[in-house]
Amino acid sequence: MTQAIVVTATDTDVGKTVFSAGLVRALDGCYWKPVQAGLAEGTDSDTVRRLSGLPDDRVFPEAYRLKTPASPHHAAAIDNVVIDPALLTPPACDRRLVIEGAGGLLVPLAGGLLFADIFAGWRFETVIVARTALGTINHSLLTIEALRARDIPILGIAFVGDPVEESERTIAAIGGVRRLGRLPRIDPLNARTLAQAFDGAFSREDFAP
């Protein structure tokens with residue numbers, strides 16, 4: 001049975017893909033992005049492959065590759081594609097599988113189908129990736145509530161950005177979730193600097209099955 005961690009976020013461009021690359025490298029696992037929307041500037045799978053150093057056979061192909069950088073339901077409509085949830089079955093992996101969603105938890109895939117509905121069917125532990133910037137308390141607590149409303153297990157919350165102790169502490173306390181750590185801003189960003197920053201910010205044991 002595949003042991004997976006789902007990585008979702010409180011919003012788009014939070015740093016979820018960079019976090020996923022750091023996590024899958026730390027776990028020496030496998031990576032899967034079920035739906036990629038936007039191909040012109042490279043894919044999240046490309047970024048994870050580059051930043052994690054994973055061999056190609058452990059970065060699984062997307063179920064859907066959509067051209068337009070937009071919400072998957074809209075990108076699929078532009079490409080004249082209907083996303084079939086039956087095709088969103090996690091690939092088999094004999095290592096820890098990191099599954100990265102698209103944008104936030106309530107991103108629509110087709111009709112009224114949301115990513116959250118897919119995650120609820122899988123019932124894998126989920127990591128929330130959140131900014132530390134202003135507004136993160138509201139977005140993070142809403143995401144926690146949406147996960148709990150669907151009985152999706154929450155592994156914890158990981159922050160990305162400059163330290164904002166009060167916001168991070170408040171979210172963990174009110175949300176009743178484990179605060180996993182905070183990935184700082186990384187410049188330059190490459191496989192070596194990400195590995196150093198991730199290992200300094202997070203404990204691998206927190207993500208163990």
Side-chain angles (χ1 to χ4, degrees), residues 1-21 23-24 27 29-39 43-48 54 58-130 139-158 175 177 180 207 209:
M1 178 179 174
T2 297
Q3 299 233 350
I5 294 175
V6 171
V7 178
T8 191
T10 56
D11 201 351
T12 191
D13 292 332
V14 170
K16 174 168 51 62
T17 299
V18 173
F19 173 84
S20 295
L23 177 61
V24 75
L27 298 176
C30 303
Y31 170 86
W32 184 50
K33 174 93 172 185
V35 180
Q36 171 69 45
L39 303 177
T43 67
D44 290 340
S45 294
D46 294 333
T47 299
V48 168
L54 286 186
R58 282 201 263 142
V59 178
F60 296 116
E62 301 90 341
Y64 290 94
R65 291 170 57 89
L66 307 169
K67 296 177 184 177
T68 305
S71 176
H73 80 290
H74 185 48
I78 293 172
D79 285 2
N80 198 27
V81 170
V82 176
I83 293 178
D84 181 356
L87 298 181
L88 300 180
T89 301
C93 177
D94 59 359
R95 301 166 180 260
R96 201 78 153 124
L97 174 64
V98 174
I99 303 175
E100 182 186 352
L105 182 67
L106 301 185
V107 166
L109 289 166
L113 180 71
L114 309 175
F115 256 111
D117 300 320
I118 301 297
F119 296 165
W122 292 342
R123 291 199 48 76
F124 294 131
E125 288 187 310
T126 299
V127 173
I128 303 164
V129 178
H139 290 170
S140 298
L141 293 179
L142 285 172
T143 301
I144 291 166
E145 283 199 4
L147 286 165
R148 291 219 170 102
R150 292 164 175 80
D151 200 26
I152 300 170
I154 302 173
L155 182 62
I157 188 163
V177 296
L180 296 167
F207 302 96

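Just so we're clear, the structure is a prediction, and the values are computed from it rather than from any experiment. For the single chain, residues carry numbers from 1 onward in sequence order.
- Considering all non-hydrogen atoms of both residues, R123 and A120 come closest at CG-O, 3.0 Å.
- T126 contributes atom OG1, which lies 6.5 Å from atom CZ of F119 (distance to the nearest 0.5 angstrom).
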Return a table of donor-acceptor pairs under 3.5 angstrom between the side chains of residues 105-115 and protein atoms on other chains or two or more places apart.
none

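- For F60 against A92, the heavy-atom pair with the smallest separation is CZ-O, 3.6 Å.
- When all heavy atoms of A130 and V14 are compared, the closest pair comes out as C-CG1, 3.6 Å.
- In terms of modelled atom types and a separation under 3.5 Å, the side chain of E145 and the main chain of L147 share no donor-acceptor contact.
- A distance of 12.0 Å separates OG1 of T8 from CD1 of I99, quoted to the nearest 0.5 Å.
- Side-chain atoms of W32 come within 3.5 Å of backbone N or O of P61 as a donor-acceptor pair.
- Contact detail for A158 and F19: the closest heavy-atom pair is CB-CE1, 3.6 Å.
- Distance CG/D79 to NE2/H74: 10.5 Å, rounded to 0.5 Å.
- Side-chain contact between L97 and F124 is absent, with no heavy-atom pair separated by less than 4.5 Å.
- Distance CG/L66 to CD1/I78: 9.5 Å, rounded to 0.5 Å.
- At least one donor-acceptor pair closer than 3.5 Å links the side chain of R58 to the backbone N or O of G29.
- Side-chain contact between W122 and P90 is present, with at least one heavy-atom pair separated by less than 4.5 Å.
- Between E100 and K33, at least one side-chain N (NZ, or NE/NH1/NH2) sits under 4.0 Å from a carboxylate O, which counts as a salt bridge.
- In terms of heavy-atom proximity, K16 sits nearest to G103 at CE-O, 3.4 Å.
- If you check the side chains of T47 and D44, you find no donor sitting under 3.5 Å from an acceptor.
- Looking at T43, its side chain never comes within 3.5 Å of a backbone N or O of L39 through a donor-acceptor pair.
- Proximity of I5 to L27: side-chain heavy atoms (C-beta onward) are separated by under 4.5 Å at one or more points.
- Side-chain contact check for I154 versus R148: some heavy-atom pair is nearer than 4.5 Å.
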Could you go through residues 80-89 and list every donor-acceptor pair under 3.5 Å that involves a side-chain atom there, pairing it with any protein atom two or more places apart or in another chain?
{"residue": "D84", "atom": "OD1", "partner": "A86", "partner atom": "N", "Å": "2.9"}
{"residue": "T89", "atom": "OG1", "partner": "A86", "partner atom": "O", "Å": "3.2"}

